[in-house]
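Structure, as structure tokens:
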Number of protein chains: 2
Amino acid sequence: MTQRYKLQPAGRSRPHRDASRASRPPATPKQAAACCSPVDSLLDIELFKAFSDPTRVALLACIAKCGRACSVGEVAECCDVDLSVVSRHLALLTRSGVLEGRKDGRTVFYRVRYAEVSRALRALADALDDCQPTHSPSPRRQARSTPHG
Amino acid sequence: MTQRYKLQPAGRSRPHRDASRASRPPATPKQAAACCSPVDSLLDIELFKAFSDPTRVALLACIAKCGRACSVGEVAECCDVDLSVVSRHLALLTRSGVLEGRKDGRTVFYRVRYAEVSRALRALADALDDCQPTHSPSPRRQARSTPHG
DNA sequence: TGTATCGTTGCGTCATCGTGCAAGTGTATG
DNA sequence: CATACACTTGCACGATGACGCAACGATACA
């Protein structure tokens with residue numbers, strides 16, 4: 001099945017009650033604060049915090065564009081920062097569910113969890129669209145044009 | 001036309017050279033750092049920094065769930081922080097292109113730029129998927145299931 | 001078993017950011 | 001013109017986070 005809500009680190013998964021974005025929106029922001037909606041869980045602070053540092057994002061972009069799992073040493077050649085800094089950034093990206101690490105001998109290979117991240121981003125986009133009263137109430141689409149799970 | 005790349009504050013728009021994600025990915029992360037791709041501009045640090053503070057995200061979620069433009073005073077009732085803090089958060093969200101402010105008399109109404117934000121999120125999701133060598137090379141889809149521009 | 005390699009973790013430092021208070025700006029109202 | 005209201009901005013302070021260096025595992029190899 002598809003993971004609908006908040007992005008989790010690799011190897012976990014968590015259910016979450018659906019806030020059933022009812023027929024009409026709350027009248028005031030204060031009322032909105034009380035009623036919970038998919039956007040609450042999809043606005044995943046840890047995920048977006050991972051995307052909010054230039055060095056970290058540069059490292060992520062390098063791995064992403066590479067399209068394969070990369071070692072820490074390889075990734076460190078992208079940026080002019082200490083290897084320990086790279087290690088910490090990759091660890092944080094892993095904790096936030098963006099990367100996945102695999103140890104092979106004495107080297108650690110990090111790969112991007114493309115499907116999970118893009119699914120989380122699209123889910124948030126859908127949830128935001130659903131908040132607009134003028135918007136049609138969201139046909140649940142698959143992740144991409146290709147209908148694989 | 002649709003704005004393909006980085007989310008901009010309301011009232012602006014910027015072209016950007018297309019990195020033409022070529023046939024095969026770069027061999028190493030270092031090479032990946034040199035060649036630019038849609039992910040570079042779509043990993044918009046200012047946007048995601050806006051989503052990386054709990055208070056700020058709570059305020060945003062309130063406005064989003066409300067589905068209409070809200071005044072600063074209204075939004076301030078959602079959280080237990082000073083009004084000046086709310087004002088600053090909403091200003092930052094505006095600068096990063098998430099909100100749009102409109103002054104009416106002495107009150108300022110902030111609304112969520114739903115379409116622009118969700119478009120930016122989906123564009124990043126697409127760009128990430130395109131980085132996977134195993135993935136089909138991205139049919140350019142419209143924003144949602146409804147085929148309006 | 002010693003040594004080199006790959007990566008992580010502890011620690012101190014510095015910059016950034018979130019916050020509250022107080023003062024300031026701009027707009028309506030009497 | 002004075003006052004009230006809605007919001008913004010200056011300032012100081014504390015918390016968080018990014019960074020480099022050094023020390024520490026963990027694994028491979030001679």
Side-chain angles (χ1 to χ4, degrees), chain A residues 9-10 28-30 43-63 66 68-96 98-111, chain B residues 9-10 28-30 43-63 66 68-96 98-111:
Chain A
T28 67
K30 191 185 178 84
L43 277 170
D44 180 357
I45 295 186
E46 292 310 313
L47 171 62
F48 296 123
K49 202 178 284 183
F51 289 164
S52 63
D53 177 74
T55 305
R56 189 159 52 231
V57 165
L59 298 172
L60 169 62
C62 286
I63 306 178
C66 217
R68 61 169 176 83
C70 302
S71 72
V72 180
E74 272 182 323
V75 180
E77 294 179 355
C78 299
C79 275
D80 190 24
V81 291
D82 196 87
L83 186 81
S84 68
V85 173
V86 175
S87 175
R88 260 186 275 254
H89 279 310
L90 299 185
L92 190 149
L93 286 165
T94 302
R95 281 197 302 275
S96 57
V98 177
L99 297 182
E100 184 173 355
R102 177 179 52 87
K103 190 167 187 178
D104 182 26
R106 54 188 169 186
T107 75
V108 179
F109 291 97
Y110 287 96
R111 71 165 197 89
Chain B
T28 67
K30 191 187 179 81
L43 277 170
D44 179 0
I45 296 185
E46 292 310 314
L47 171 64
F48 296 123
K49 201 177 285 182
F51 290 164
S52 64
D53 176 74
T55 305
R56 190 160 50 232
V57 165
L59 298 172
L60 169 62
C62 286
I63 305 179
C66 217
R68 60 168 177 85
C70 302
S71 71
V72 180
E74 270 183 326
V75 180
E77 294 180 356
C78 298
C79 275
D80 191 22
V81 290
D82 195 86
L83 186 80
S84 67
V85 173
V86 175
S87 175
R88 261 185 276 256
H89 280 310
L90 300 186
L92 190 149
L93 286 165
T94 302
R95 281 195 303 274
S96 58
V98 178
L99 297 182
E100 185 173 353
R102 175 179 54 85
K103 189 166 186 178
D104 183 27
R106 55 189 171 186
T107 77
V108 179
F109 290 97
Y110 287 97
R111 71 166 197 90

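Just so we're on the same page: letters track the sequence lines, and every chain starts at 1.
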C:dT9 phosphate, OP1 or OP2, under 4.0 Å from A:S87 side-chain N/O: no

Atom-to-atom span, CZ of A:F109 to C1' of C:dG7 - whole angstrom: 12 Å

Separation of atom CG in A:D104 from atom C1' in C:dT5, rounded to whole Å: 14 Å

Phosphate-side-chain proximity, A:K49 and D:dT16, N/O vs OP1/OP2 below 4.0 Å: no

B:T28 side chain reached by A:E77 side chain, heavy atoms, under 4.5 Å: no

Gap between atoms CZ and P, on A:R56 and D:dG17 respectively (whole Å): 9 Å

Atom pair distance, as rounded to whole Å: CG in A:L90 and P in D:dA18: 13 Å

Close side-chain approach of A:R95 to A:L92, heavy-atom, < 4.5 Å: yes

A:L92 CG - C:dT9 P separation (whole Å): 12 Å

Nearest-angstrom distance from the residue atom NZ of B:K103 to C1' of D:dT8: 9 Å

B:V81 side-chain proximity, nearest of D:dC7, D:dC21, C:dT19: C:dT19

Nucleotide nearest A:R106 (side chain, heavy atoms from C-beta), chosen from D:dG20, D:dA28, C:dT27: D:dA28

A:D53 vs A:H89 side-chain heavy atoms within contact, under 4.5 Å: yes

Short side-chain N/O contact from A:Y110 to OP1 or OP2 of C:dT8, under 4.0 Å: yes

d(CG, A:L83; P, C:dT5) in whole Å: 14 Å

Base C:dG7 to side chain A:R88, donor-acceptor N/O within 3.5 Å cut-off: no

Among C:dG7, D:dC7, C:dT19, the one nearest A:V72 by side-chain distance: C:dG7

Worked check of side chain to side chain contact (heavy atoms under 4.5 Å, CB included) between B:L47 and A:F51: CA-CA 9 Å; B:L47 171 64; A:F51 289 164; over 6 Å; no

hbond_proxy B:S84 side chain to C:dC21 base (donor-acceptor, 3.5 Å cutoff): yes

Straight-line distance of B:C70 SG to B:R111 CZ, nearest 0.5 Å: 12.0 Å

Nearest-neighbour nucleotide for the B:V85 side chain, D:dC21, C:dT19, D:dT8 considered: C:dT19

Side-chain N,O (A:H89) to OP1/OP2 (D:dG17) below 4.0 Å: no

Rounded distance in Å - CG (B:L59) to P (D:dC7): 13 Å

